[in-house]
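Okay, so here's the structure we're looking at.
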There are 2 protein chains.
Amino acid sequence: MEQPRGTRVRGTRQASAVAAALTSLPGFCSAQEIHAELRRRGETVGLTTVYRHLQVLSEQGAVDTIRDPSGETLYRQCGSTAHHHHLTCRVCGRSVEVEGRVVEQWAEKVAAEAGFTSVDHTVELFGLCPDHAA
Amino acid sequence: MEQPRGTRVRGTRQASAVAAALTSLPGFCSAQEIHAELRRRGETVGLTTVYRHLQVLSEQGAVDTIRDPSGETLYRQCGSTAHHHHLTCRVCGRSVEVEGRVVEQWAEKVAAEAGFTSVDHTVELFGLCPDHAA
DNA sequence: CTGATAATAGAAACGATTATCATTACGAGC
DNA sequence: GCTCGTAATGATAATCGTTTCTATTATCAG
Ligand SMILES: [Zn+2]
Ligand SMILES: [Zn+2]
Ligand SMILES: [Zn+2]
Ligand SMILES: [Zn+2]
């Protein structure tokens, strides 16, 4: 797990570009949308590279990921680094970070009662934001 | 929406086979696993047809669907037709139907506070069943 | 500056799902 | 039972997000 001495993760133009895009984009976006946004800004970053950085950032906990109803993965840089969930607009991707103590407790209780261990949970809310109410 | 007179949904060997497989399989399975199971039983049903029936059954509410962490869709015939969620084993797919009034209320409250409408929720629990505890 | 190697990016591969469409077979009406 | 319109089937091809491959480029410690 230790880096061979003198070796470190390299800083590249592409890494900063992806991070910057995530910082400026307000809602959840797909990798391809982020790629398109970068090109719009004149940044040349390969789609593969965008995917790779998103994966790394996600593993580091620097960005949150959700899966939209079609199965596509969406990414977003969140304000809080603590555990939380999202209420996301189906139309524009705008999202609100929500926290729910009750849900966490409910999940733990249910898991314990069933004798399951290493239980993880997925809780996602999708709806229409005030601007996109039907 | 009205059927032309005298026309009805036709009962076919394949429809029964898929339904039967779902009834006998204890946990969540992918379309491809169900297809393999049918072949194992000697039933000849095309993969396309399996997908088609699963989709119909799912729309009818006759089977529940979840998405495993890799994004694959899993199907299961549930005991209850009422709204509920699942606690599923990551290894064998065995699952427990769980109900949580608190989660439903929490979702509604959170959505209302944020001014979102038409809010739907996804709540899934994945863990290790007693037989597969690490 | 230089060399070892991390990072990049286009292309090809992948895998689940869906669309196409020629063929099969259910079943309502006789 | 037989016929016929048409729903259902299923092999194949297409789709699409994502990952893998690999030759090339660029970073940075020494
Ligand atoms: Zn919106
Ligand atoms: Zn949570
Ligand atoms: Zn298990
Ligand atoms: Zn619910």
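Naming: A, B, ... by sequence-line order, numbering from 1 per chain.
- When the local axes at the two ends of the helix from C:dC1-D:dG30 to C:dC30-D:dG1 are compared, using 5 base pairs at each end, they differ in direction by 30° after rounding to 10°.
- Separating the CG atom of A:L38 from the P atom of C:dA9 is a distance of 10 Å, rounded to the nearest angstrom.
- Taking the six-membered ring where the residue is Trp, the centroids of A:H121 and B:H85 are separated by 6.0 Å or more.
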Could you write out each protein N or O paired with an N or O of nucleotides 25-27 of chain D at a distance under 3.5 Å?
unit_1: D:dT27; atom_1: O2; unit_2: A:R10; atom_2: NE; d: 3.3
unit_1: D:dT27; atom_1: O2; unit_2: A:R10; atom_2: NH1; d: 2.9
unit_1: D:dT27; atom_1: O2; unit_2: A:R10; atom_2: NH2; d: 3.1

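- For B:Q55, the listed nucleotide lying nearest its side chain is C:dT18; candidates were D:dT18, C:dT18, D:dG10.
- In this view, A:V102 and B:W106 satisfy the side chain to side chain contact (heavy atoms under 4.5 Å, CB included) rule, not counting sequence neighbours.
- At a cut-off of 3.5 Å, with distance as the only test, no side-chain donor of B:E43 or B:H35 sits close to an acceptor on the other residue.
- A salt bridge links A:E37 with A:R40: the distance from a Lys NZ or Arg NE/NH1/NH2 to an Asp or Glu carboxylate oxygen falls below 4.0 Å.
- Distance from the side chain of B:T49 is smallest for D:dG10 among the nucleotides D:dG10, C:dT8, C:dT17.
- As judged by a 4.0 angstrom heavy-atom cut-off over every strand, A:H35 is placed among residues making no nucleic acid contact.
- Closest to the A:Y51 side chain, of the nucleotides D:dT9, D:dT18, C:dA9, is D:dT18.
- Between B:E72 and A:L47, the one whose closest nucleotide on DNA chain C sits nearer the 5' end is A:L47.
- Among D:dG10, C:dT18, D:dG17, the nucleotide with an atom closest to any side-chain atom of A:Q32 is D:dG17.
- Position along DNA chain C of the nearest nucleotide to B:Q14 versus B:R67 favours B:R67 as the more 5'-ward residue.
- The two atoms that bring A:G115 and B:P130 nearest to each other are O-CG, 3.5 Å, heavy atoms only.
- Under 3.5 Å, the side chains of A:R94 and A:T88 contain no donor-acceptor pair of N or O atoms.
- If you check every strand for non-hydrogen atoms under 4.0 Å, B:T73 touches sugar and phosphate atoms only.
- For A:R39, the CZ atom is loosely surrounded, since the number of other residues' heavy atoms within 6.0 Å does not exceed 12.
- With no hydrogens or angles considered, no side-chain donor-acceptor pair links B:H83 and B:E99 at under 3.5 Å.
- Counting any heavy atom pair closer than 4.0 Å across all strands shown, A:S70 reaches no nucleic acid atom.
- With no hydrogens or angles considered, a side-chain donor-acceptor pair links A:T23 and A:Q77 at under 3.5 Å.
- With rounding to whole Å, A:E59 atom CD is found 10 Å from D:dT19 atom P.
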